[in-house]
Structure formats: structure tokens, C-alpha cells
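Written below as C-alpha cells is the structure these notes are about.
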2 protein chains.
Amino acid sequence: MAGTAGRGAERGTVDRILDTAEVLFAQKGFAETSLRAITSKAGVNLAAVNYHFGSKEALIQAVFERFLDPFCARLDGLLTELESNSGSVTLERLLATLSQSALAVQKGEPHRVAIFFRLSGLAYSQAQGHLRRFFREHYGEVFRRFLEQLALAVPEVPPMEMFWRVHFALGATIFTLSGMDPLRAICRSDFAVEVLPQQVEERLLAFLAGGIRAQLPAS
Amino acid sequence: MAGTAGRGAERGTVDRILDTAEVLFAQKGFAETSLRAITSKAGVNLAAVNYHFGSKEALIQAVFERFLDPFCARLDGLLTELESNSGSVTLERLLATLSQSALAVQKGEPHRVAIFFRLSGLAYSQAQGHLRRFFREHYGEVFRRFLEQLALAVPEVPPMEMFWRVHFALGATIFTLSGMDPLRAICRSDFAVEVLPQQVEERLLAFLAGGIRAQLPAS
DNA sequence: ATGCGTTTCAAACGTTTGTTTGGGAGGCAC
DNA sequence: GTGCCTCCCAAACAAACGTTTGAAACGCAT
């Protein structure tokens, strides 16, 4: 076992593995991506993965940590900022905060946003146990605080109704953004229009706000 | 190779394989489910899969066909019914039609609805090529007709905007319903309330209608 | 009973998988 | 130099995978 961070000098083995793994995982899924595919494309030895990370499972978790740690740190900061200006948080502002946190952590590489959500979608549908637990333990607290602010912003929606609507919104986000590139390609061929990721984000936020504020069902 | 349908008498090998495969695929994903796991749990010989279906890929497609063929047939019928009553289709009615089609094809086994959507989600995120093509070729036409009716029901949303909102809605649906059971469990422990699948459906439809009709973004 | 097509079976096939091994560079302390 | 620790490498490992094989068992018409 060794330190999990590159020593700061030139791009080291650990980072080359993580960079390649996140792309391949996003393209083909976890089980469908072999360590040999990762290591050969990264230009490192096959044994390097088990040496630096311990196992394939640990590598998968490391890939997520590199995404989620800065994301949650950023979100955490923005949330405390919002909490200090008490009372005046709108739903739109809250959603924008969320997407800002996601965008901010990908410095200069917008295509990594798609990878980020693609991986999240895979984690949600493929995670048998170890990833689910990992998420809840590491990032559950920030999520709970976000829900608190959300209840404050939209008090007319009762808690349990909000619980479900948050998951509907989560689904729409992950699902769409994980297939962002193919969808933009369809849009290009069917409507002859080039749609920027930022415009997709605007559209999505409008949709989510409408859904969360929707009229309550009869029951 | 042989006929792909059981001969009508008692539950045959082919059906036992399909029944087991759909459950295991939904639980663990396609790549993570081995033919040995399927055949041993189904109580049939390992070679039976390759004998009756030809390959694992063909088995996956067969599982989807058993779900989607009746679903699309049902949806197709309901659509032509709506098309005859020209002009007066509301968005809510259209969404209800969709969910009716999904519910109707699972006679007496409501838990299969969850499996159905879980598989759809997996197909969307794991499909590398063969499944995507398969869907587009077999069920693209019905989908196009549904979009047509949708544009008629909500004319204030321009086509391209609607394109994105449909995929947002698709994401919310597949994502949530594929994780329906775990979410209901959380709801039970956090709110001490038992939520029926039908109530989830009502909530989802309200959310989707709100999102699709949401105010258009500034851009 | 004989023959034929269909289905089942245990066993083996060749690959590919994640992981482990033992040795050998390279850098730094002493 | 000698030791020591970190890292890299080619090779091998055992296990699991999808698929194929050839023979046995079945159903059914003749």
C-alpha cells in the first residue's frame, strides 16, 4: 500500500490510473471495464492497480471520492452561506447552488460533468452494497442539510411529498445528464441545432422547479 | 435452435430461464449475472441457455421482448383510441395512458413493474450498442406517435423544449421506479407511513405534469 | 419396435477475469 | 558502499466466464 495522492511533481501512476478509469467506467460500466483495459490505456503495469488501491472495488470508490469530495465541500460551503441569510432562499437559488457545485469542481473540463453524472447513474443502478453504504456514510450529512433548506424554500409541499419529488428530480438529473452527449447529438440531427451543456442545465432547472412546485395530487 | 415459446403445457425450460433471468438481471445487472447463476437457480442445465436462445445477448433481448411487446401493443391501441377523439387530449390523460399500459401488462404481479423499470434503467445505462439498436428498431414508431400526441396536448411548449422535457420525465420515471422498493422502505422508516406503488405513481404523474408544463427558461 | 427430431445433460473447451508473486530499479540515509 | 523503503515490472496464479461438444433420454409418428 502507498499514499493515494501523486507526489505533486509530474503526473504520476495513481493519477493516470484514476483519469483513465473514470473515462472507461463511464463509457462501459464497472464490471465491463477490466483492469487490463485501464492499465494498458493508462500506460502503467497491470499490478499497479492492486498495489496502489488494493482492489478493483477500492479503485471504484477512489474514482468517486475524487469527484464527490470537492463537490460536497463546495456544496457544504454554499449551504452555510445560505443558512446565514436566513429565510430568503428561493427554490431556484437552491437548485442553482447545486448545479454550481457540480460545475465548479470540473475546472476547465466541461465534459467531465457528463462523466460525473454518468458515474452517479451507474453507481445508483449497479451498486449492490459497498457503494451504497459508502455514499450514505460519506455524504449523507450534506444531503440532509440540503433537504432542510429545500423544506424552507418550498413550505407548501409537505415533507413526505418533498421526499418523493427530490428523488424524481434526482432521477431526471442523473438520467439526462448521464446521457447528455448522445441526447445533444440527437438534437443536432433532428432539429439542426447545437445545444450547449449550459442550455441543457437551464432547461433542466426549469423542469425541476416546475415539478417540485407542481400541484399536489388529489389523494 | 428451437421454438422460442413454451409449448403451452406446463412451465417449460424456456419460461423458467426467462423468469429467473429477469429477476437476477434486475437485481445485479447484466454483466454481473452469470449464466451459471441463472441456470442453477432456474433448475435447468447450463447449456440450455445457448441451446434455446443462442447466446447471452440474445437472452437479454428475449427478456426485454417479453416485457415490451405487450406494453407497446397496449400503448399502440390506446393511442389510436385517443387519436380518434381528435383534439381533446390533456397532458394528464396522456401520462395516465402511459402508466396504464405499463401496469396492464403485469397481470397480478405488481412487483414486476419495478423489475420492468429497473431493467429499462439498466438498458439505458449499460446498453453499449445492441440493445440501443434493438429498442429503436422495434419500438421507435410507437414512441414517435406518443410524442405527436404530446405536442398536441401541450402546444405552448416548443418541439425542442419538449424533446428535452420528455427525457427529463423519462429519467425521473425510470430512475425512481427502478428503485421503488428501497425508496418505499426509507419512507416507511423515516415517516412511519406505508406508501403504495399506486400512490407513488400518482405523485410521479403530478411531478411530471408540473415539469412538462413549467415556465420556459429565460433563454 | 424402429427411426427421427428435439431436448437435456455432464464435461470440457479456450478466454478472460482479478489478484499475487518475486525480483529488480531508483532514491535517500547513514 | 550498505541497508531500507517505495515503486515498477513480467510472469504466473486460480477462479469464473460464455460457449461447445457428444452422448444419453425423451416424445412421437410409422
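None of these values were measured; they are calculated from a predicted model. The sequence lines fix the lettering, A, B, ..., with proteins before strands; numbering per chain opens at 1.
- In terms of the side-chain hydrogen bond (donor to acceptor under 3.5 Å, both in side chains) criterion, residue partners of E148(A) (sequence neighbours excluded) are, by chain and number, R144(A).
- In this view, N45(A) satisfies the side-chain hydrogen bond (donor to acceptor under 3.5 Å, both in side chains) rule with no residue, not counting sequence neighbours.
- Under the rule for a side-chain hydrogen bond (donor to acceptor under 3.5 Å, both in side chains), the partners of R203(A) that lie at least two apart in sequence or sit in another chain are E161(B).
- Screening residues 70-79 of chain A for salt bridge (Lys or Arg N to Asp or Glu O under 4.0 Å), with sequence neighbours left out, gives D76(A)-R145(A).
- When the ring-ring contact (aromatic ring centres under 6.0 Å, His included) test is applied to F67(B), the partners found at least two apart in sequence or on another chain are F116(B).
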Once base and sugar-phosphate atoms are separated, protein heavy atoms under 4.0 Å mark nucleotides 9-23 of chain D, 5' to 3', with B, S and - as BB-B----BBBBB--
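- Counting heavy atoms of neighbouring residues, nucleotides and ligands inside a 6.0 Å radius, atom CD of Q198(A) does not exceed 12 of them.
- Scored by the salt bridge (Lys or Arg N to Asp or Glu O under 4.0 Å) test, E22(B) finds R66(B), R112(B) as partners (sequence neighbours excluded).
- E201(A) meets the salt bridge (Lys or Arg N to Asp or Glu O under 4.0 Å) test with no other residue; sequence neighbours excluded.
- One axis for each end of the helix from dA1(C)-dT30(D) to dG23(C)-dC8(D), each built from five base pairs, and the angle between them comes to 20° at 10° resolution.
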Protein and nucleotides 26-29 of chain D: nitrogen or oxygen contacts under 3.5 angstrom:
none

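- For E194(A), the side-chain hydrogen bond (donor to acceptor under 3.5 Å, both in side chains) criterion is met by R188(A), not counting sequence neighbours.
- For the ring-ring contact (aromatic ring centres under 6.0 Å, His included) test, no residue two or more places apart in sequence or in another chain qualifies with F143(A).
- Contact check, H52(A) against dT6(D): no side-chain N or O comes under 4.0 Å of OP1 or OP2.
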